[in-house]
2 protein chains.
Amino acid sequence: MSDRDSSDEVVADPPPDRRRLRHEAKCAAIVAEAWELARRDGLAVISLRDLAERVDLRQPSLYAYFDSKLALYDAMFIDGYRQLLELMAQHPPADDPREALVEFVELCVRFSSEDTVRHQLLFQRTIPGFRPSPEAREVTLGFLEIGWQRLMDVGVTDVASSDIFTALVAGFTHQQVFHDPRGDRWLRHVRRAVEMFVADLEGRSPPRRRADQLRHLRPRGA
Amino acid sequence: MSDRDSSDEVVADPPPDRRRLRHEAKCAAIVAEAWELARRDGLAVISLRDLAERVDLRQPSLYAYFDSKLALYDAMFIDGYRQLLELMAQHPPADDPREALVEFVELCVRFSSEDTVRHQLLFQRTIPGFRPSPEAREVTLGFLEIGWQRLMDVGVTDVASSDIFTALVAGFTHQQVFHDPRGDRWLRHVRRAVEMFVADLEGRSPPRRRADQLRHLRPRGA
DNA sequence: GTCTATATTCGGATAGAC
DNA sequence: GTCTATCCGAATATAGAC
């Protein structure tokens, strides 16, 4: 029973109206072009001049959208993690928890090798002054939680095993991205690596099959 | 029966005399200072002005030692790998090949986490225009060969297993360097990870104990 | 929000005397 | 080999009119 709630509102404070939508759309367009430029020239050497030109603005006008270059990197960072979360959402976990874990790692590797500079921004610390903002950190948690869930589903409840797993993911993505960007040289061994990881788990805890206990892992690092 | 072969030689073509030694010493000093600066400001933003000042030169004089900034990065790259090789030379392999492999990975992780920017230059592709020169590539081979040797000693003869191993090393170093630079959060699980790797090897090839066969691995990537 | 114009700083690299 | 002096370009960021 809301009538005409989007056309003729007279609110003054912070109206989420057409103007704001347009602003956000332009932000998104800028970020998209920034990725394009980063892929072309390298992440560290994006020029705000080039960028502005490509979104039909003069260079100073970018400051209406981003307070600084680092703020732009932050927006790209958030955008990148959103893409990752979207990819994960498109691939719900398989019923078998081992299979789900394998597919999770494969997705990570594929995602990273799709776009080297995105991988660089999201998973390396390579831009000199850049530190993800609190809001950006928030988004990364969404991804980490997916990983933890998959781990718990195969029975991992300790930080040690979790750390080994993150090293595994980091290693395969890194090698694939930097030594065979458009191939599958490392991707094709993900299954074997995960099976080796799971076998190690089972060798440790006596083979009690309690894969469904849920203890909480501390979100430090990784 | 060689008499006075180092004091009074009259060779003229490329005399490795005092002048050349001094030149190389200065090169080394510059590189050392460059590392210092890189650790302070970040690898990508070394300024040749700052650098020159710190080695008591004016900025243009650096060009008597390095043709360009990229040439400086190349020298740092070579220097970094020399440091790694030296470290390896100080730690000859244990008699037990599994133990030798564990220690090799632990050395790699320790070496990398000792110096983040060194790790960045040697193992990431992060400087926009930089590609290691042929001479630099030569030096990296020395390190790779040590790794292959350790792998062959535990019976690895296939590229697949070797690739999994390099992913393991890359992953542990990466996590240690970026998520716990001065701690041992990942370092302390290297042994378990390597044992899990070796167990996987033994599960694959029937447990014939022929750890000493030497087939050659192709030097692609990693 | 967008523009023009400009401030400011800094970068790498070169010329040419000594 | 080292210097002074300078070039040339590029960068991010700001001021202020519209």
Side-chain angles (χ1 to χ4, degrees), chain A residues 12-31 33-34 36-38 40-77 121 126-131 133, chain B residues 14-31 33-34 36-38 40-77 121 126-131 133:
Chain A
D13 210 60
D17 57 353
R18 203 177 305 172
R19 179 169 299 162
R20 175 157 182 82
L21 283 179
R22 170 140 190 82
H23 183 86
E24 284 174 1
K26 192 77 177 178
C27 274
I30 293 170
V31 166
E33 266 303 319
E36 202 67 49
L37 263 176
R40 203 192 57 175
D41 300 335
L43 188 59
V45 288
I46 298 178
S47 152
L48 297 186
R49 281 181 152 76
D50 290 5
L51 178 57
E53 179 181 333
R54 283 157 169 267
V55 291
D56 290 308
L57 287 178
R58 304 300 154 196
Q59 176 256 330
S61 303
L62 284 179
Y63 285 80
Y65 299 96
F66 300 100
D67 290 340
S68 72
K69 197 181 184 180
L70 291 182
L72 173 66
Y73 282 126
D74 203 60
M76 293 171 74
F77 184 91
L121 181 61
T126 184
I127 301 294
F130 173 63
R131 296 264 309 169
S133 64
Chain B
D17 57 355
R18 202 176 305 173
R19 179 169 299 161
R20 175 158 183 83
L21 282 181
R22 169 141 189 83
H23 183 86
E24 283 173 2
K26 191 78 177 176
C27 274
I30 293 171
V31 166
E33 265 304 318
E36 203 67 49
L37 264 177
R40 202 193 58 177
D41 300 336
L43 187 61
V45 288
I46 298 177
S47 151
L48 297 187
R49 283 181 150 77
D50 291 3
L51 178 56
E53 178 181 334
R54 284 157 167 267
V55 292
D56 291 308
L57 286 179
R58 305 298 153 195
Q59 175 256 333
S61 302
L62 284 179
Y63 285 81
Y65 299 95
F66 301 100
D67 290 341
S68 71
K69 197 180 183 180
L70 291 182
L72 173 65
Y73 282 126
D74 204 60
M76 294 171 73
F77 184 90
L121 180 60
T126 183
I127 301 295
F130 173 64
R131 297 264 308 167
S133 64

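Note that this is a predicted model, so its numbers are computed, not measured. Residue numbers start from 1 in every chain, and the chains themselves are labelled A, B, ... in the order their sequence lines are given, proteins ahead of strands.
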Upstream residue (5' side of DNA chain D) when B:His23 and A:Asp67 are each assigned their closest nucleotide = B:His23
Under 4.0 Å: is that the gap between some side-chain N or O of A:Ser47 and OP1 or OP2 of D:dA11?
-> yes
Which nucleotide sits closest to the side chain of B:Tyr63: C:dT14, D:dT12, D:dT2?
-> C:dT14
Could you say whether B:Gln59 or B:Arg19 is positioned toward the 5' end of DNA chain D, judged by the nucleotide with the nearest heavy atom to each?
-> B:Arg19
note: B:Ile46, atom CD1; C:dG12, atom P; distance rounded to Å ~ 9 Å
SB check A:Arg49 A:Glu53 (cutoff 4.0 Å) | no
Charged N-O contact under 4.0 Å between A:Glu36 and A:Arg40 = no
Can you find a side chain N or O atom of A:Ser61 that sits less than 4.0 Å from OP1 or OP2 on C:dC3?
-> yes
Restricting both atoms to N or O, compile the protein contacts to nucleotides 15-18 of chain D shorter than 3.5 Å, with distance only.
none

Nucleotide nearest B:Arg49 when distance is taken to its side chain, options D:dA13, D:dT2, D:dT6 = D:dT6
Among the nucleotides C:dA13, D:dC3, D:dA13, whichever has the atom closest to the side chain of B:Leu57 is D:dC3
Are any non-hydrogen side-chain atoms of A:Phe66 and A:Asp74 less than 4.5 angstrom apart?
-> no
Applying side chain to side chain contact (heavy atoms under 4.5 Å, CB included) between A:Leu72 and each of A:Asp67, A:Leu62, A:Leu51, report the one that passes.
-> A:Leu51
Return no unless some side-chain N or O of A:Arg58 is found under 4.0 Å from OP1 or OP2 of C:dT4.
-> yes
